[in-house]
> 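My questions all concern the structure below.
When a ligand or atom number is given, it counts from 1 through the structure's own listing order.
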Amino acid sequence: MASPKIATDGEKSCPSARAVPGALLIGVVGPDGTVQPIPTRLEIDADFVDLASKKGVPEARFRFAGRCVEGKCKQWTGNSCGVIEKVLTGMVDQAVEPAENLPRCVIRGSCRWYSQRGADACRACVYVVTDQSMVAAPA
Ligand code: SF4
């Protein structure tokens with residue numbers, strides 16, 4: 001059975017979700033600070049969350065995907081996700097070059113950011129480390 005944490009049937013996925021059992025692990029933060037995507041579908045369980053939490057906040061070292069809950073998240077602006085808009089604006093302000101290639105990604109078909117900003121979102125995505133301010137948060 002699909003996890004209730006993961007988008008199904010036309011729902012969108014949040015690519016900056018919390019580390020909770022049932023979420024997907026979609027990336028690992030590499031030594032250079034960019035995210036190395038995980039191209040295979042990998043659902044995490046409670047043991048993973050416990051283990052990862054022993055070394056600090058998991059969202060600082062990994063990227064997780066969950067179900068986009070739209071208006072139930074503080075990052076929802078009313079009709080879109082504010083996180084990717086902030087990320088793209090920040091990259092322009094700081095003159096960060098977008099990634100050359102689109103990373104391989106297991107959630108592109110349902111990704112909220114991709115549906116909003118297309119390839120621009122993916123080229124920015126590898127620079128996003130989900131810290132507490134960027135984590136999807138209950139509204
Ligand atoms: S923005 Fe692109 S690369 Fe990032 S999670 Fe969404 S579809 Fe995948």
> Tell me every residue that passes salt bridge (Lys or Arg N to Asp or Glu O under 4.0 Å) with Arg117, counting only those two or more places apart in sequence or in another chain.
Glu85
> Look at Arg123 together with Glu97 and state whether they make a salt bridge at an N to O cut-off of under 4.0 Å.
no
> Any side-chain heavy-atom pair from Ile44 and Phe64 closer than 4.5 angstrom?
yes
> Does any N or O in the side chain of Gln116 come within less than 3.5 Å of the main-chain N or O of Cys81, such that one atom is a donor and the other an acceptor?
yes
> With a 4.5 Å limit on heavy-atom distance, are the side chains of Gln36 and Thr34 in contact?
yes
> Just so I know, are the side chains of Pro103 and Cys122 near enough to count as touching, which here means a heavy-atom distance under 4.5 Å?
yes
> Under a strict 4.0 Å criterion on non-hydrogen atoms, which protein residues are in contact with ligand 1?
Pro15, Pro103, Cys105, Ile107, Arg108, Cys111, Trp113, Tyr114, Ala121, Cys122, Cys125
